[in-house]
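What follows is a single structure, written as structure tokens, with notes after it.
The chains referred to below are lettered A, B, ... by the order of the sequence lines, with proteins before strands, and numbering in each begins at 1. In this text, all values refer to a predicted model and were calculated from it rather than measured experimentally.
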There are 2 protein chains.
Amino acid sequence: MVSKSCKYAIRATVFIASKAKENIKVGVKEIAEEIEAPEAFTGKILQTLNKNKIVTSLKGPYGGFYSDEAQLDLPILEVVNAIDGLGVFTDCVFGLHQCSDDHPCPMHFEYVKTRSQMYTSFKNTTIRSLAENLNTGLAFLKNPE
Amino acid sequence: MVSKSCKYAIRATVFIASKAKENIKVGVKEIAEEIEAPEAFTGKILQTLNKNKIVTSLKGPYGGFYSDEAQLDLPILEVVNAIDGLGVFTDCVFGLHQCSDDHPCPMHFEYVKTRSQMYTSFKNTTIRSLAENLNTGLAFLKNPE
DNA sequence: TTCACAAAAGATAAATCTATCTTTTAAGTA
DNA sequence: TACTTAAAAGATAGATTTATCTTTTGTGAA
Ligand code: FES
Ligand code: FES
């Protein structure tokens, strides 16, 4: 569905967001450990997220990554967009160059249902709500043991 | 969602199936042209589809690829399974090693809705029905112009 | 202002996916 | 049987994705 990089990005974003209520900034090393991803690669992904204004970064001592209030209210869709683009929500399942009702592939009218439900779900789920799920202790970012 | 190879595979399978009612076998070259994919690569994909019994092949003169009656009733899910595996229908959207209600990622209970709707759609759509959509002229395999 | 810290940027490498080419095997026909 | 046809199998190459390492830039504190 989404790339490995995008999964790392989602986990990193939600982790950073989960620290927002305490006004805590987190560094690449800590993030990489939490999301079980290689540190340098995590750095690259965070760079992209920062460029796309999904998270904010600050250099130097006491620096790190954090989410501001507006960023907490971004839909998780924006994380996918920043890393993979929106192709997953728009591409033809048969690989036709254009997906449209006027020149449909054989599965088009069935597939658009799936795809638009997917879009709605990612559009309506905010980073904040996912961070809250984490903070209540009812959801997890790390694999068990 | 699915890989480029998988899209080629879906298109090839539906094209072959669309010829079944006339008992026509089609060769790699013709298939590759129809699905707008490189010929040699199409051959590799057809090899995999044949190994997984999604389509049948026959070597030699008057040979080629065709679908038998049982293959026409396979869900399109089986094509995805043969090429990409079922990961798209089972993997955690956050990349956790196991997706489960007991150790959910922060989006789990939302995402399983999307994923299971996707699964149902691919499980309930047969190769035959897609081939029929093509044969009625209401759907297309090739890009316009 | 100097120093230490941490992210950004750039260059490089490994792994996977996509694509091509050559040789071998199987099937039908004369 | 000899011959032609077409897919299978194997080897190789290119492109993209994932991952690593080094150097530069920006920030805060002493
Ligand atoms: S044309 Fe294929 S999904 Fe719309
Ligand atoms: S645990 Fe992440 S989708 Fe189920």
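Of the residues in residues 33-43 of chain A, those lying under 4.0 Å from DNA chain D by heavy-atom distance are A:P38, A:A40, A:F41. The stretch residues 5-26 of chain A comes close to DNA chain D through A:S5, A:Y8, each having a heavy atom under 4.0 Å from the strand.
Using a 4.0 Å cut-off, some side-chain N or O of B:K51 falls inside it from OP1 or OP2 of D:dA9. Contact annotation: B:K4 does not reach the phosphate of D:dA15 (side-chain N/O to OP1 or OP2, under 4.0 Å). Taking only side-chain nitrogens and oxygens, A:S57 never comes nearer than 4.0 Å to OP1 or OP2 of C:dA6. Regarding contacts with the backbone of D:dA7, every side-chain N or O of B:N50 stays at 4.0 angstrom or more from both OP1 and OP2.
Using a cut-off of 4.0 Å between Lys/Arg side-chain N and Asp/Glu carboxylate O, A:E36 and A:R11 are scored as salt-bridged. Under the 4.0 Å criterion applied to side-chain N and carboxylate O atoms, A:R128 and A:E69 are assigned as salt-bridge partners.
The two residues A:I16 and A:Y66 have their closest heavy-atom pair at CG2-CA, 3.4 Å.
Picking from D:dA8, D:dG26, D:dT18 the nucleotide with the shortest atom distance to the side chain of A:P61 gives D:dG26. The side chain of B:V28 sits closest to D:dA7 out of C:dA7, D:dA7, C:dG28.
We find that CD1 of B:I31 is positioned 11 Å from C1' of D:dA6, with the value rounded to whole Å. For the pair A:K29 NZ and C:dA6 C1', the computed distance is 13 Å after rounding to whole Å. In this structure, A:E30 atom CD and C:dA7 atom C1' are separated by 15 Å, rounded to whole Å. Rounded to a whole Å, the NZ atom of B:K44 is 13 Å from the P atom of D:dA7. Look at NZ on B:K59: it is 13 Å from P on C:dT24, rounded to the nearest Å. Counting to the nearest Å, the C1' atom of D:dT5 and the CG atom of B:L58 are 11 Å from each other. For the pair A:L46 CG and C:dA9 P, the computed distance is 13 Å after rounding to whole Å.
Remark: A:E39 CD is packed, more than 12 non-hydrogen atoms of other residues, nucleotides or ligands lying under 6.0 Å away.
The closest donor-acceptor contact from the side chain of B:D84 to the backbone of B:V2 lies at 3.5 Å or more, if one exists at all.
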